[in-house]
Chemist: 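Sharing a structure below in structure tokens format, with a few things to ask.
The analysis underlying the following values was restricted to heavy atoms, covering all of them including side chains, and did not include hydrogens, waters or symmetry mates. Positions are given from 1, in the same order as the sequence printed here. Small disclaimer: the values here were computed from a predicted structure and weren't measured.
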Amino acid sequence: MQLFKALFSQLLACVVVLGLRTTFPLSVSVWQAVAIQAGLAALFSRGFRQPVWWLPIHLLFIPTVLLGLSWQVPAWLYLLILLLLTLLFWGTVKGDVPLFLSSSAVNQALIEIVSREQAQAFIDIGAGLATVVVPLAKARSDMAVVALERAPLPWLLATWRCRNLANVRVGRSSFWEQDLREFDVVFAFLSPLVMAKIGEKIRREMRTGCLFVSSSFPIPNSRPESVLELNDSRKTKLYCYRIGRL
């Protein structure tokens, strides 16, 4: 659905620009027309309620194609870039969340949280490149750690990074398919678009008294037990929810 919206936004913007140039001939250069098309595509994308991370894609798509043609970039390079983007952002075109990376401040805060909770089982339900899992597993070698990542390339890199960590299991599956009952602490750095459904899932599956920690995005209509504001470049907030008190 998201891919269809993106393609339709680009096509609609092209039709509008061509229609304007035909109906009202203007002395604008090709690059000015391209800039108008890119802006319209981004505007239509927001009108179709695409996530905000599609905006740079719409703004850069046609200009990048024209630059490639003017520089006579080989066709195989386009295919390689497309393959790498597909492997990196697998599922994003279907509405899944994109790749977000956590800071070292988040890692340190989570180490303190799982130690305070005396957690024996932890899961990162959108592990990305294992930036959270690796330092956490090293600091708490007695704790079972699970990293879930659906996109092929981040999953492969996370698996390689965790190859020497005996207490880590890296799984390539959707977090929607993972039962959360066995985990004392669940961590997520996802997207505001899915937080309401995540709230339903943790209420349904997590055990009473366990902790759900969300980086940056709160669960709508739920009161966190605490909110930790970290001293990193993004001023990241960790929303901590005690199951049974949401």
Chemist: Return the CG to CZ distance between Leu110 and Arg140, rounded to the nearest 0.5 Å.
Modeler: 12.0 Å

Chemist: Please test Arg234 against Glu229 for salt bridge (Lys or Arg N to Asp or Glu O under 4.0 Å), starting from the C-alpha separation and ending with a verdict.
Modeler: CA-CA 10 Å; Arg234 291 195 296 257; Glu229 184 169 340; over 6 Å; no

Chemist: Please name the residue in the list Ile113, Thr236, Val106 that meets the side-chain contact (heavy atoms from CB on, under 4.5 Å) test with Leu228.
Modeler: Ile113

Chemist: Less than 4.5 Å apart, any side-chain heavy atom of Pro220 and any of Met195?
Modeler: yes

Chemist: Carefully, step by step, assess Arg161 and Thr131 under the rule side-chain contact (heavy atoms from CB on, under 4.5 Å).
Modeler: CA-CA 9 Å; Arg161 294 189 66 197; Thr131 52; 3.9 Å; yes

Chemist: Measure the spacing between CG of Leu59 and CG of Leu43 and express it to the nearest 0.5 Å.
Modeler: 10.5 Å

Chemist: Taking the side chain as everything from C-beta on, heavy atoms only, tell me whether Phe122 gets closer than 4.5 Å to Val146.
Modeler: no

Chemist: So for atom CG, which belongs to Asp179, do other residues, nucleotides or ligands contribute more than 12 heavy atoms lying within a distance under 6.0 Å?
Modeler: yes

Chemist: Would you say Cys240 and Ser226 make side-chain contact, with heavy atoms under 4.5 Å?
Modeler: yes

Chemist: Give a yes or no on whether Arg223 atom CZ has more than 12 heavy-atom contacts from other residues, nucleotides or ligands under 6.0 Å away.
Modeler: no

Chemist: Applying side-chain contact (heavy atoms from CB on, under 4.5 Å) to Leu180 and Ile202, what does each step give before you reach the verdict?
Modeler: CA-CA 7 Å; Leu180 302 176; Ile202 65 173; 4.0 Å; yes

Chemist: So Val185 and Val213, do their side chains get closer than 4.5 Å, heavy atoms only?
Modeler: yes

Chemist: What distance do Met206 atom CE and Tyr241 atom OH have between them, rounded to the nearest 0.5 Å?
Modeler: 12.5 Å

Chemist: On the 0 to 90° scale, with breaks at 30° and 60°, tag the Phe217-Phe189 ring pair as parallel, tilted or perpendicular.
Modeler: tilted

Chemist: Rounded at 0.5 Å granularity, tell me how far NZ in Lys138 sits from CG in Asn164.
Modeler: 9.0 Å

Chemist: For Arg169 and Gln178, work out which heavy atoms get closest and say how close.
Modeler: NH2-OE1, 4.3 Å

Chemist: Please examine the side chains of Lys197 and Lys201, heavy atoms only from C-beta on, and report whether any two atoms are closer than 4.5 Å.
Modeler: no

Chemist: Testing the basics here: between Cys162 and Ala130, what is the closest heavy-atom pair and its distance to 0.1 Å?
Modeler: SG-CB, 4.0 Å

Chemist: Would a 4.5 Å heavy-atom cut-off, applied to side chains only, mark Lys237 and Ser216 as touching?
Modeler: no

Chemist: When you measure from the side chain of Asn167 to the backbone of Met143, do you find a donor-acceptor pair of N or O atoms at a distance under 3.5 Å?
Modeler: yes

Chemist: Is there a side-chain contact between Glu225 and Leu211, using heavy atoms and a 4.5 Å cut-off?
Modeler: yes

Chemist: Cluster question for you: counting only ILVMFWY and a side-chain heavy-atom cut-off of under 4.5 Å, with indirect links fine, are Val15 and Leu40 together?
Modeler: no

Chemist: Return yes if some donor-acceptor pair links the side-chain N/O of Asp184 with the main-chain N/O of Ala121 below 3.5 Å, else return no.
Modeler: yes

Chemist: Membership question, hydrophobic clusters at under 4.5 Å side-chain separation (ILVMFWY): are Leu11 and Phe44 in the same one?
Modeler: no

Chemist: How many angstroms lie between atom CD1 of Ile125 and atom CZ of Phe187, to the nearest 0.5 angstrom?
Modeler: 9.5 Å

Chemist: Has Ser45 got a side-chain atom pairing as donor or acceptor with Ala41's backbone, closer than 3.5 angstrom?
Modeler: no

Chemist: Quick test of your reading of the model: are Glu177 and Arg150 salt-bridged, counting only N-O distances below 4.0 Å?
Modeler: no

Chemist: Compare all side-chain heavy atoms of Ile219 with those of Ser214 and state whether any distance is below 4.5 angstrom.
Modeler: no

Chemist: Could you walk me through whether Val168 and Val133 satisfy the side-chain contact (heavy atoms from CB on, under 4.5 Å) test, starting with their C-alpha distance in whole Å, then the side-chain angles of each, then the deciding distance to 0.1 Å, before giving a yes or no?
Modeler: CA-CA 8 Å; Val168 177; Val133 166; 3.7 Å; yes

Chemist: Can a side-chain donor-acceptor contact be found between Ser222 and Arg203 if the only test is distance below 3.5 angstrom?
Modeler: yes

Chemist: For the CG atom of Leu129 and the CD atom of Glu149, what is their distance to the nearest 0.5 Å?
Modeler: 7.5 Å

